Amino acid sequence: MAAGGGGSGDPLAPAGVPCAFSPHGQAYFALASTDGHLRVWETANNRLHQEYVPSAHLSGTCTCLAWAPVRLQAKESPQRKKRKSEALGTSNQTDLLALGTTVGSILLYSTVKGELHSKLTSGGHDNRVNCIQWHQDSGCLYSCSDDKHIVEWNVQTCKVKCKWKGDNSSVSSLCISPDGKMLLSAGRTIKLWVLETKEVYRHFTGHATPVSSLKFTTIRPPNESQPFDGITGLYFLSGAVHDRLLNVWQVRSENKEKNAVMSFTVTDEPVYIDLTLSENKEEPVKLAVVCRDGQVHLFEHILNGYCKKPLSSNCTIQIASPGKGKKSTPKPIPILAAGFCSDKMSLLLVYGNWFQPAIERVALNSKETHMCLVRDISNCWAPKVETAITKVRTPVMNAEAKVLVPGLPGHHAAIKPAPPPAEGKESKRKLTGNEVSIEERLGAMDIDAKKGKDDLQTNSFPVLLTQGLESNDFDMLNKVLQTRNLNLIKKTVLRMPLHAVIPLLQELTKRLQGHPNSAVLMVQWLKCVLTIHASYLSTLPDLVPQLGTLYQLMESRVKTFQKLSHLHGKLILLITQVTASEKTKGAASPDQKAKVVYEEEFSEEESDDEVPDKDSDDNWDEDEEEKETETDEDVDEENGQEDEDGEENGEDRDVASEKELNGDSDVDPENESEEE
């Protein structure tokens with residue numbers, strides 16, 4: 001349903017990113033971003049429903065995607081009840097999503113399971129897949145590729161049913177007729193195939209560039225007097241790369257008329273097209289075209305034959321952010337996709353950045369020819385470029401002027417001459433004849449060699465880095481980027497030219513996606529670039545799309561950091577407790593009599609008894625009398641608590657007896673008898 005390849009580097013690749021609304025009430029919006037991630041958003045509450053990263057998301061990025069039709073899921077789910085693990089889905093839940101890749105494989109992703117359902121590779125395409133179309137009734141899948149072939153797949157067996165050459169050049173777009181018997185294919189010319197025989201039924205002129213979109217616009221022919229064979233009289237629409245005209249074609253009974261019957265004009269290349277089918281000749285076709293410039297053009301027209309003049313849009317919708325301050329100008333916000341709701345009177349708009357889009361339902365007013373919606377998306381986590389960059393004035397210079405920018409190779413500060421006193425010292429040394437020892441000379445030579453090496457690296461690394469980025473030399477870049485010297489990294493980033501900053505960031509982003517060991521080094525470079533050249537980066541108006549992959553990569557890398565920190569803290573707590581318990585078990589257990597209070601009382605008595613050793617005999621007698629009175633009071637208190645503390649006193653006696661055996665007891669024998 002949607003194709004995109006704006007980031008592939010091919011000038012004839014369609015603009016935009018692959019995206020599509022789910023067929024059942026547009027409940028979901030799938031978007032395959034340029035970093036290879038598939039994201040499914042809920043349109044009702046603008047919440048991320050699922051995110052899927054294919055194993056080969058970097059080498060084989062997604063080029064197109066298509067939801068399976070509701071009828072297919074409703075029919076196939078009861079037939080496969082025996083094998084629950086392979087059930088395709090239910091009638092009330094949109095399930096399978098087909099993804100085409102740059103390497104030719106097709107992935108079937110199940111949104112119910114949240115995982116890859118199957119992969120279509122064997123016997124299929126060997127080049128970029130450009131478009132995928134589901135057959136509403138047979139359960140088959142049709143795909144076209146740059147390898148000039150069209151393939152019919154059996155989704156249940158994951159095998160090729162039929163493969164035939166669709167054009168002399170690459171086939172870029174497909175569309176199945178409403179009755180399911182015909183297939184439109186387009187490269188530059190448009191062909192109508194009979195699916196049963198795989199033969200060409202009609203040829204159409206097509207466009208000068210590859211066709212990016214094909215859609216049938218009517219179900220019934222306008223002239224209902226003649227019998228309807230399922231295809232004759234129907235209209236279909238085509239849009240092409242770099243073409244600002246959408247052509248409308250009619251399938252005639254005769255094969256003479258090959259040109260378009262009418263056309264719609266838009267402001268830029270169409271990137272997403274949605275329409276409401278006309279079921280009778282009085283009902284007009286409503287068309288919503290999203291252009292590369294971020295605008296949506298709405299058309300409403302009754303298809304009734306040839307129209308010479310291109311038709312302009314009935315209404316144009318734009319979205320802009322509110323300007324900050326009185327003098328600032330609003331900044332346009334690009335619209336990524338638009339789809340008609342089931343009532344045909346409102347439109348679902350997807351706008352903003354592809355990694356954090358905003359989805360909104362807008363009611364259509366037929367009277368207004370231009371709608372500008374003011375929306376503030378500054379609360380989004382994605383960094384934005386401020387409008388203050390318009391204050392920067394670029395000086396007008398002629399071609400002969402040479403500009404020296406700080407940090408460019410070859411632009412160095414003047415070297416200061418050596419101070420004259422050093423020369424005087426050397427001359428004195430020569431005159432006096434005091435020669436320096438060989439050890440000192442060797443040491444001085446070693447220091448000079450190290451200084452020379454550091455200076456050489458500091459001067460040559462910016463030049464090597466710039467040349468490596470321009471020539472994309474892997475070995476040269478490795479030599480510079482593998483350094484672990486933080487001081488050298490800072491000096492290199494400081495001296496590199498400004499025009500090499502963005503290529504360096506893109507190279508660092510590529511390397512950050514590799515092994516974690518190399519990513520640690522790249523983070524040091526990234527930190528230095530973002531801190532040193534922050535002022536230059538803030539002046540770039542297209543910084544967000546250029547660094548979109550880096551933002552997404554950083555977000556995905558730190559997504560689980562908080563959970564890991566919680567787990568790390570809990571593990572440290574557990575390990576500390578286990579280690580402490582093991583230490584207490586392994587240590588020699590001291591006497592657990594441990595009545596600390598009584599041991600402290602004994603220690604007080606001992607200290608009181610030990611003090612008089614240094615005093616006279618008179619003092620000894622006075623202290624002894626005081627001690628006896630104190631011990632009498634203690635005995636009375638202990639007798640009062642004898643019943644409660646019997647066990648404790650017994651333990652105290654054991655302690656006292658142990659002290660006597662060890663010769664540690666200094667207590668007077670009279671005091672001992674009183675305590676007993």
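Computed from a predicted structure; not experimentally measured.
- Separating the CD atom in E269 from the CG atom in D243 is a distance of 9.0 Å, to the nearest 0.5 Å.
- In summary, the side chains of Y109 and Q50 do present a donor paired with an acceptor at a separation below 3.5 Å, with no hydrogens or angles considered.
- Here the CD1-CG distance, from I502 to L537, works out to 5.5 Å after rounding to the nearest 0.5 Å.
- Proximity of a side-chain donor or acceptor of T101 to a complementary backbone N or O of S105 within less than 3.5 Å is detected.
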Worksheet item: Under the side-chain contact (heavy atoms from CB on, under 4.5 Å) criterion, do Q26 and R361 qualify, and how do the steps go?
Response: CA-CA 11 Å; Q26 296 175 322; R361 183 170 178 166; over 6 Å; no
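- Of the inter-residue distances, the one linking L347 atom CG with E360 atom CD reads 10.5 Å to the nearest 0.5 angstrom.
- The number of heavy-atom neighbours closer than 6.0 Å to NZ of K198, taken from other residues, nucleotides and ligands shown, is above 12.
- Residue K527 places its NZ atom among 12 or fewer non-hydrogen atoms of other residues, nucleotides or ligands, all under 6.0 Å distant.
- No donor-acceptor pair under 3.5 Å is formed between the side chain of N46 and the backbone N or O of A358.
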Worksheet item: Step by step, would you call L120 with C158 a side-chain contact (heavy atoms from CB on, under 4.5 Å)?
Response: CA-CA 6 Å; L120 312 178; C158 300; 3.6 Å; yes
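- Scanning for side chain to side chain contact (heavy atoms under 4.5 Å, CB included) contacts around K510 gives E507, with sequence neighbours left out.
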Worksheet item: Can R511 and N478 be said to form a side chain to side chain donor-acceptor pair (under 3.5 Å), step by step?
Response: CA-CA 10 Å; R511 290 172 179 256; N478 265 354; 2.7 Å; yes
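- Between L192 and F236, every side-chain heavy-atom pair lies at or beyond the 4.5 Å cut-off.
- For N353 and Q356, the side-chain atoms include no donor-acceptor pair closer than 3.5 Å.
- For the side chain to side chain contact (heavy atoms under 4.5 Å, CB included) test, residues two or more places apart in sequence or in another chain that qualify with H37 are S33, D35, R39, E51, V53, H57.
- Atom CH2 of W525 is separated from atom CG of L512 by 13.0 Å, given to the nearest 0.5 angstrom.
- Applying the 6.0 Å contact sphere to CE of M554 captures no more than 12 heavy atoms from other residues, nucleotides or ligands.
- In this structure, the side chain of S212 does not engage the main chain of S172 through any donor-acceptor pair within 3.5 Å.
- At least one side-chain heavy atom of I190 sits under 4.5 Å from a side-chain heavy atom of L184.
- Annotation for K181: atom NZ does not count as buried by contact number, only 12 or fewer foreign heavy atoms lying within 6.0 Å.
- When the options F29, Y28, W41 are evaluated for a ring pair (Phe, Tyr, Trp, His ring centres under 6.0 Å) with H49, the one that passes is Y28.
- Counting heavy atoms from C-beta on, the side chains of D274 and Y272 come closer than 4.5 Å.
- For K559, the NZ atom sits in a packed shell: over 12 heavy atoms of surrounding residues, nucleotides or ligands are nearer than 6.0 Å.
- For T218, the side chain to side chain contact (heavy atoms under 4.5 Å, CB included) test picks out L234, Y235, S278, L303, with sequence neighbours left out.
- How far CD1 of I317 is from OH of Y351: 12.0 Å, rounded to the nearest 0.5 Å.
- Rounded to the nearest 0.5 Å, atoms CG (L65) and CD1 (I106) are 12.0 Å apart.
- P54 has its side chain within reach of L107: a pair of non-hydrogen atoms, C-beta onward, lies under 4.5 Å apart.
- At most 12 heavy atoms of other shown residues, nucleotides or ligands fall within 6.0 angstrom of atom CD in Q562.
- For S213 against I273, the heavy-atom pair with the smallest separation is OG-CD1, 3.1 Å.
- Within the 3.5 Å criterion, the main-chain N or O of K148 finds no donor-acceptor partner in the side chain of K165.
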